[in-house]
> 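Please find one structure pasted underneath; my questions will follow.
These values consider heavy atoms only, across backbone and side chains, with no hydrogens, waters or symmetry-generated copies. So you know, we letter chains A, B, ... as the sequences are listed, proteins then strands, and number each from 1.
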Protein chains: 2
Amino acid sequence: MTTSAPRRPRQDAVDNRAGILSAATAAIAHDPQASINTIARSAGLSRRALYGHFADRNALLAEIIDTGAERFNRIASDVTDTDAQVALARLTSLLWQQAAHVQVAASIALDDAHLEATGKALAPLRHAVAAILQRGQNDGTLRTDVDVTTLARLVEEAARAAITRVDATLPEARSLAVRTTLSMAGLSWRETVALLAEHPDILGDSAAGDAAPADVAPAAGGAAPAAGDTPAAGAKR
Amino acid sequence: MTTSAPRRPRQDAVDNRAGILSAATAAIAHDPQASINTIARSAGLSRRALYGHFADRNALLAEIIDTGAERFNRIASDVTDTDAQVALARLTSLLWQQAAHVQVAASIALDDAHLEATGKALAPLRHAVAAILQRGQNDGTLRTDVDVTTLARLVEEAARAAITRVDATLPEARSLAVRTTLSMAGLSWRETVALLAEHPDILGDSAAGDAAPADVAPAAGGAAPAAGDTPAAGAKR
DNA sequence: AATAACTTGCACATCACTGTGCAAGTTATT
DNA sequence: AATAACTTGCACAGTGATGTGCAAGTTATT
């Protein structure tokens with residue numbers, strides 16, 4: 001008796017699920033309060049279909065946070081520079097590429113309902129940052145007028161602001177994010193400029209990954225183009 | 001014929017109105033989504049009574065923004081230091097005292113619905129900041145690796161973060177806010193420490209106002225103490 | 001003491017959103 | 001071509017919030 005092997009998910013369904021995640025990331029980055037309908041529509045699906053992929057809003061948010069945090073944590077573990085200034089700069093530079101994800105993580109992290117979950121998911125990243133800062137304080141390369149905990153928070157906020165609240169299309173956007181973070185860590189602006197001049201690789205085009213990570217929003221319209229109640233183009237079925 | 005002069009508002013009503021504004025400021029600083037009911041209850045009034053003082057949610061928010069902005073703008077115009085570094089430091093120091101108002105303004109300013117209104121209300125403050133930054137760039141006392149507009153945004157974000165996302169009860173909180181802002185403006189942390197040492201008045205206890213400004217939340221419980229549907233103590237009738 | 005001002009509680013209409021059930025249609029996969 | 005997987009649209013129930021009308025009570029002011 002050939003016990004019918006439960007057929008694996010259809011390809012279009014897999015794509016649509018991924019599309020929802022992208023769309024949700026983009027939509028929530030733009031408006032943390034984005035409704036399920038808005039998200040589904042901007043992914044080119046009906047609201048009803050979304051519930052076929054995610055049990056509820058929380059499940060969707062949880063997965064967004066998890067995958068986002070995974071990226072961040074992976075990036076953090078990839079930064080191995082012993083020089084704290086360089087490490088912090090490189091970390092910021094790499095995170096800058098994940099602007100939308102940073103935005104979303106920040107939005108969700110501010111929400112009481114998911115504070116716990118985000119805290120856990122982002123723990124490795126935060127640990128890494130704290131370790132870098134501590135190291136810099138120990139060898140005197142970073143500011144010591146603030147305790148590590150507070151400094152970590154300030155640096156995180158500065159990075160978030162520089163990454164998400166500055167026009168990312170500007171050519172100097174990435175460099176700006178890095179300089180901003182270093183400033184918060186205690187360097188003068190001239191020191192940050194000098195540091196980046198000495199380490200041009202930090203702002204490099206970073207063709208040094210493994211697989212090219214499919215980035216945000218391969219779906220249709222950006223986030224919420226006056227979302228009526230009809231699907232945008234892009235749905236596959 | 002003694003045309004009955006329309007009796008002036010009762011004193012308790014005036015107090016209650018002020019109480020609502022305080023409560024709303026505190027509540028919204030804690031949670032930008034705070035409901036009308038939550039606000040009213042934390043002011044010791046019923047939801048219904050609130051509508052006797054404010055036409056709708058927007059009217060309430062508008063007044064909060066306006067009074068907050070008025071404080072900020074007044075503060076900004078009071079800062080007359082010619083030295084850009086000192087001016088920026090003093091401005092931050094003074095704004096730090098308005099933590100709850102800064103928090104609220106930031107929250108509301110992020111909301112699309114009130115973006116326009118907040119922008120107009122805060123214009124004078126932003127102009128003042130831009131002027132200070134421009135001055136600093138001209139005489140080389142502030143960073144010149146970022147254009148004024150972007151720098152203004154970054155400084156604003158840094159100040160907001162330092163003022164609202166750091167425990168305000170810490171003794172160094174105020175100093176921290178100032179140092180943070182100066183860091184973002186390009187100074188190294190040692191320079192900020194030196195600057196504050198040279199100008200102890202910046203962190204002074206500021207007994208140098210005119211009338212003591214009635215500050216946030218003379219009402220009852222902080223913001224939302226598991227807001228049921230019954231008034232907290234504090235209502236006057 | 002009389003009056004107008006104020007507050008309360010309740011009922012009510014409205015809105016936007018969430019989550020689910022189900023029948024009917026479309027499409028990928030075997 | 002048959003089948004299971006997927007999507008759609010609609011209906012429906014539930015939640016939580018906003019804003020208003022009104023009668024009854026309480027309180028400041030004259």
> Using whole Å, report how far CG of B:Asn16 lies from P of C:dA5.
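Atom-to-atom, B:Asn16 to C:dA5, this comes out as 16 Å.
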> Just checking, is any N or O donor in the side chain of A:Ser175 or A:Arg179 under 3.5 Å from an acceptor N or O on the other one?
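A donor-acceptor contact under 3.5 Å links the two side chains.
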> Rounded to the nearest Å, what distance is computed from the CG atom of residue B:Asp15 to the P atom of nucleotide C:dA5?
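Value for this atom pair: 18 Å.
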> Checking side-chain contact (heavy atoms from CB on, under 4.5 Å) for the pair A:Thr180/B:Met184: CA distance, chi angles, key distance, verdict?
CA-CA 7 Å; A:Thr180 297; B:Met184 194 57 91; 3.4 Å; yes
> Going 5' to 3' along nucleotides 10-20 of chain D, which nucleotides have protein heavy atoms under 4.0 Å from the base (write B), which only from the sugar-phosphate (write S), and which from neither (write -)?
B------SBBB
> Do A:Ile39 and A:Leu60 pass the side-chain contact (heavy atoms from CB on, under 4.5 Å) test, and can you show the C-alpha distance, the side-chain angles, and the key distance before you say yes or no?
CA-CA 11 Å; A:Ile39 294 171; A:Leu60 177 57; 4.2 Å; yes
> Taking C-beta and beyond as the side chain, do A:Thr118 and A:Leu110 meet within less than 4.5 Å on heavy atoms?
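The answer is no, as the side chains (C-beta and beyond) never meet within the 4.5 Å cut-off.
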> Distance check needed: C:dA28 P versus A:Arg17 CZ, whole Å only.
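That distance rounds to 20 Å.
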> Just how far, in rounded Å, is P of C:dG19 from CG of A:Leu50?
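It is 10 Å, rounded to the nearest whole Å.
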> Between the base of D:dA5 and the side chain of A:Arg10, is there a donor and acceptor pair under 3.5 angstrom?
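Answer yes: a donor N or O sits under 3.5 Å from an acceptor.
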> Roughly, in whole Å, what's the span from CD in B:Gln11 to C1' in C:dA4?
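For the pair B:Gln11 CD and C:dA4 C1', the rounded distance is 16 Å.
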> Tell which nucleotide pairs with D:dA13, taking only Watson-Crick or G-U wobble pairs whose two distances are both under 3.5 angstrom.
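For D:dA13, the partner nucleotide comes out as C:dT18, under the 3.5 Å rule.
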> So, OP1 or OP2 of D:dG9: does either fall under 4.0 Å of a side-chain N or O from A:Arg41?
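Checking D:dG9 against A:Arg41, a side-chain N or O does come within under 4.0 Å of OP1 or OP2.
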> Quickly work out the A:Leu60 CG to C:dT18 P distance and round it to whole Å.
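Value for this atom pair: 11 Å.
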> Is there a Watson-Crick or G-U wobble partner for D:dT29 with both distances under 3.5 Å, and which nucleotide is it?
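Across all strands, the one nucleotide that pairs with D:dT29 is C:dA2.
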> Answer yes or no: does a side-chain N or O of A:His53 lie under 4.0 Å from OP1 or OP2 of D:dT7?
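Yes, A:His53 has a side-chain N/O under 4.0 Å of OP1/OP2 on D:dT7.
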> Just how far, in rounded Å, is P of D:dT8 from CG of A:Asp12?
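The answer, rounded to whole Å, is 11 Å.
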> Among C:dT8, D:dC6, D:dA28, find the nucleotide with the atom closest to the side chain of A:Pro9.
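Shortest atom-to-atom distance from the side chain points to D:dC6.
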> Could you identify the nucleotide paired to D:dT18, looking across every strand shown and requiring Watson-Crick or G-U wobble geometry with both distances under 3.5 Å?
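Answer to the pairing question: C:dA13, which forms a Watson-Crick or G-U pair with D:dT18.
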> Just one of A:Val178, A:Thr181, A:Val79, A:Ile75 clears the side-chain contact (heavy atoms from CB on, under 4.5 Å) bar with A:Leu95, so which one?
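The option that passes is A:Ile75.
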> Would you mind reading off the distance between A:Arg8 atom CZ and D:dA5 atom P, rounded to a whole angstrom?
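Spelled out: CZ on A:Arg8 to P on D:dA5 is 14 Å.
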> Determine whether the side chains of B:Ser35 and B:Asn37 contain a donor N or O and an acceptor N or O closer than 3.5 Å.
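No, B:Asn37 and B:Ser35 have no side-chain donor paired with an acceptor closer than 3.5 Å.
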> Just to verify, what does B:Arg126 make a side-chain hydrogen bond (donor to acceptor under 3.5 Å, both in side chains) with, not counting sequence neighbours?
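Partners of B:Arg126 under the side-chain hydrogen bond (donor to acceptor under 3.5 Å, both in side chains) test: B:Glu156.
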